[in-house]
Amino acid sequence: MILVCGEALYDMFSDNTSADPIGFEAHIGGSPYNVAIGLARLGQKPAFFGGISTDQLGEKLLARLAEEGVETTNVHRSPALTTLSLVQKTAAGQPVYTFYGENAADRMVTEADLPLPDQNFAMVHIGSYTALVEPVASALKNLIERERPNSLIAFDPNIRPTVVPDMNAWKANTHNLAAVADVIKVSDEDLALIEPLKRIDDIAQGWIEQGSGLVVVTRGANGAEVYTVNGRYSFEGQKVAVADTVGAGDTFQAALLMGLTELGICGRDELARLDDSHVTRLVSFAIEASALTCTRRGADLPRKSELRPF
Ligand SMILES: OC[C@H]1O[C@](O)(CO)[C@@H](O)[C@@H]1O
């Protein structure tokens with residue numbers, strides 16, 4: 001089973017073109033929450049770990065996980081509020097997120113709330129702002145340390161500068177977690193934020209030399225760069241009519257982890273088996289899945305039946 005850890009929230013879309021941001025459209029969100037639902041929609045049985053409020057929105061977020069087929073026994077319930085993320089767009093159509101979530105339930109998770117040990121998770125995925133803000137970040141780091149001997153660790157920094165504006169904090173955290181992650185998925189935009197002076201190749205290759213087995217740098221419509229111990233690959237993107245890009249990266253990560261599971265690659269050492277055809281299957285599938293998410297509003301991740309078979 002894949003354990004996905006981090007924030008669950010509501011994305012509140014506001015139509016920038018109106019004078020007043022009225023008529024919000026609410027969509028489920030939170031990068032790890034999206035990854036968990038994406039995995040379930042792709043036929044996996046993932047488990048979610050994160051703080052979900054006992055307020056009305058939290059009830060809905062929890063119910064939705066169960067409806068989608070995500071295991072919820074590890075969820076930590078708390079009376080703190082649900083985070084709201086205001087989603088607006090730049091003139092170029094890029095989403096800009098503003099988070100209303102200080103002291104919210106997704107952040108108020110401590111070591112005492114961690115999943116019970118000995119659940120034998122094949123993979124553990126963490127990322128996004130809950131891997132950086134306290135107290136949840138420390139709790140998740142303890143969890144990674146505990147699970148690392150037996151689980152493949154996956155990581156996506158999913159940098160959100162409006163939560164923590166200090167790029168040095170994101171940079172240090174990203175490198176620290178990359179050092180313990182077996183599978184790293186990161187966008188080129190995130191790398192440019194934390195390492196504006198370094199080449200993508202050098203950063204990714206550095207992580208492979210440090211011990212990661214698979215590094216994927218996504219480049220939106222321009223495709224992805226992939227690095228393993230056996231090679232380096234470039235993939236073209238898929239051009240689609242974009243509704244918004246919210247959840248595209250989360251879709252990529254869900255598809256990648258599903259693909260690894262289908263290939264029977266669930267352990268750290270097994271990543272060394274990844275050959276050219278594995279990488280092509282994994283990344284083409286993930287690109288197709290995330291392109292489909294871009295055609296829909298909000299993080300509405302695809303189902304297995306909507307995609308070509310893996
Ligand atoms: O988790 C932080 C934000 O990132 C997203 O997952 C998109 O990748 C949004 O749904 C959420 O507001």
Side-chain angles (χ1 to χ4, degrees), residues 4-14 24-41 46 48-53 57-58 60-61 64-65 68 70 81-90 93-102 104-107 109 125-133 136-137 140 154-165 170 173-174 177 185-191 193 216 218-220 242-257 286 289-302:
V4 185
C5 311
E7 68 263 26
L9 50 82
Y10 268 93
D11 283 326
M12 309 296 290
F13 288 71
S14 105
F24 290 106
E25 197 182 296
H27 289 261
I28 53 170
S31 176
Y33 183 86
N34 295 337
V35 172
I37 289 182
L39 279 163
R41 290 185 176 183
F48 182 75
F49 169 61
I52 295 193
S53 174
L57 293 176
K60 288 189 201 303
L61 287 171
R64 186 66 183 269
L65 281 179
E68 296 275 359
V70 179
L81 297 177
T82 296
T83 292
L84 296 179
S85 158
L86 174 64
V87 187
Q88 294 170 299
K89 279 187 190 170
T90 62
Q94 285 295 101
V96 181
Y97 305 90
T98 310
F99 296 88
Y100 296 79
E102 219 171 309
D106 55 350
R107 304 186 195 194
V109 175
H125 167 75
I126 66 160
S128 201
Y129 68 75
T130 34
L132 178 59
V133 297
V136 60
L140 291 180
F155 169 54
D156 173 7
N158 198 52
I159 293 175
R160 296 287 176 252
T162 47
V163 181
V164 179
W170 282 105
N173 202 52
T174 299
L177 285 167
K185 191 234 73 161
V186 57
S187 70
D188 56 351
E189 288 169 354
D190 282 0
L191 285 185
L193 285 172
V216 182
T218 55
R219 300 174 57 232
V242 175
D244 66 56
T245 59
V246 178
D250 305 332
T251 307
F252 198 104
Q253 183 71 340
L256 196 65
L257 299 185
S290 35
L292 186 55
T293 299
C294 291
T295 65
R296 324 206 270 222
R297 209 153 145 86
D300 180 7
L301 278 70

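Residues take their numbers from the sequence shown, with the count starting at 1. First listed ligand is number 1; within each ligand, the first listed atom is number 1. Keep in mind that the numbers below use all heavy atoms, side chains included, and drop hydrogens, waters and symmetry copies.
Those atoms of ligand 1 that come under 4.0 Å of a heavy atom in S128, given as number and element, are 1 (O), 2 (C). Listed by number with element, the atoms of ligand 1 under 4.0 angstrom from any heavy atom of L9 are 12 (O). Counting the atoms of ligand 1 from 1 in the order shown, those under 4.0 Å from a heavy atom of D250 are 5 (C), 6 (O), 7 (C), 8 (O). Counting the atoms of ligand 1 from 1 in the order shown, those under 4.0 Å from a heavy atom of N34 are 6 (O), 10 (O). Within ligand 1, counting atoms from 1 as listed, the ones closer than 4.0 Å to a heavy atom of G29 are 10 (O).
In this structure, a donor-acceptor pair under 3.5 Å is present between the side chains of D106 and T83. With 3.5 Å as the limit, one finds no donor-acceptor pair spanning the side chains of S31 and S128. Checking D250 against Y33 by side-chain atom types alone, no donor-acceptor pair falls below 3.5 Å.
Residue contacts with ligand 1: Y33 is excluded, as none of its non-hydrogen atoms falls under 4.0 Å. G249 does not count as a contact of ligand 1, since none of its heavy atoms falls under 4.0 Å from the ligand.
Proximity of S85 to ligand 1, defined as any heavy-atom pair under 4.0 Å, is confined to the side chain (atoms from C-beta onward). When non-hydrogen atoms are compared, ligand 1 lies under 4.0 Å from the side chain of N158 (C-beta onward) but not from its backbone.
Here the side chains of L86 and S14 are in contact, with some heavy-atom distance below 4.5 Å. The closest side-chain heavy-atom distance from L84 to F99 is not below 4.5 Å. Using a 4.5 Å cut-off on side-chain heavy atoms (C-beta onward), L61 and R64 make no contact. For the pair P32/N34, no side-chain contact is recorded, criterion being any heavy-atom separation below 4.5 Å from C-beta on.
Within 6.0 Å of atom CD in Q94, more than 12 heavy atoms from other residues, nucleotides or ligands are found, so the atom counts as buried in its surroundings.
Of all the listed residues (E7, M12, R160), E7 holds the heavy atom that lies closest to atom 1 (O) of ligand 1.
For a threshold of 3.5 Å applied to N or O pairs, the pair formed by Y129 and ligand 1 contains no separation below that value. Looking at ligand 1, you'll find an N or O of G30 within less than 3.5 Å of one of its N or O atoms.
Here the protein heavy atom with the shortest distance to atom 10 (O) of ligand 1 is D11 OD2, 2.5 Å.
Residues H125 and L257 share a closest heavy-atom pair of CB-CD1, 4.0 Å.
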